[in-house]
Amino acid sequence: MKNEKNRCIFLDRDGVLIKDVSYLKNPDDIFILPGTIDALKYFKMNGFLLIIVTNQAGIAKGFFSMDDLAAVNGRLLEIYESVGIAIDDLYFCPHHENGSVEPYNIKCACRKPNTEMIMNGVRKFGIDISKSFMVGDKDSDIVLAKNSGLSSFYVRNAMYEHDESIIPDFYVRDLKEVSRIIANLI
Ligand SMILES: [Mg+2]
Ligand SMILES: [Zn+2]
């Protein structure tokens, strides 16, 4: 349709889209955060791709299995589908170098703030990084954005310690606020 490159919003899962319950294992424990459905619809309406990028070291640490993770992610995508939101892709990193479960207990190139998940999306969809965003609630998400050249939104939900020397482009309360800011940028 257009020959310009795609714009994308890369989204952290836990603490941004759904409640961070720490090592979520059961689809029944998914809690969609308030305002996120409207925000995702807004992004889609404005032509953004939506890609979830999530560290899931619980696999390497043996807290849940690949099947558990697939069930949780599958349910989440179903919930979005049921309200007309198509998530374009979802990437996860199952690794942790201090994990106990082979073959996931390795130092990898995909665990955020490493950029492999972002770069896979960029290549697959022809994404223009300079017109794209990362939304996360951990410093590693902001460092990931910086490492990738993405503009960054830091969701300040007080779940995790924040190093004030790691400065995002925007501090926000939630995804709804991200959509209000992007509305003024585009
Ligand atoms: Mg998070
Ligand atoms: Zn990894």
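First listed ligand is number 1; within each ligand, the first listed atom is number 1.
- Take the N/O/S atoms of Asp12: the one nearest the Mg ion (ligand 1) is OD2.
- With hydrogens and angles left out, the side-chain atoms of Lys176 and Tyr42 include no donor and acceptor closer than 3.5 Å.
- You'll find the side chain of Phe170 reaches within 4.5 Å of the side chain of Leu185, heavy atoms only.
- Side chains of Asn73 and Gln56: a donor-acceptor N/O pair is absent below 3.5 angstrom, by distance only.
- Minimum-distance N/O/S atom of His95 relative to the Zn ion (ligand 2): ND1.
- By the 6.0 Å and 45° rule, Lys138 stacks over the aromatic ring of Tyr160.
- Taking the Mg ion (ligand 1) as the corner point, the angle from Asp137 atom OD1 to Asp14 atom O is about 100° (rounded to 10 degrees).
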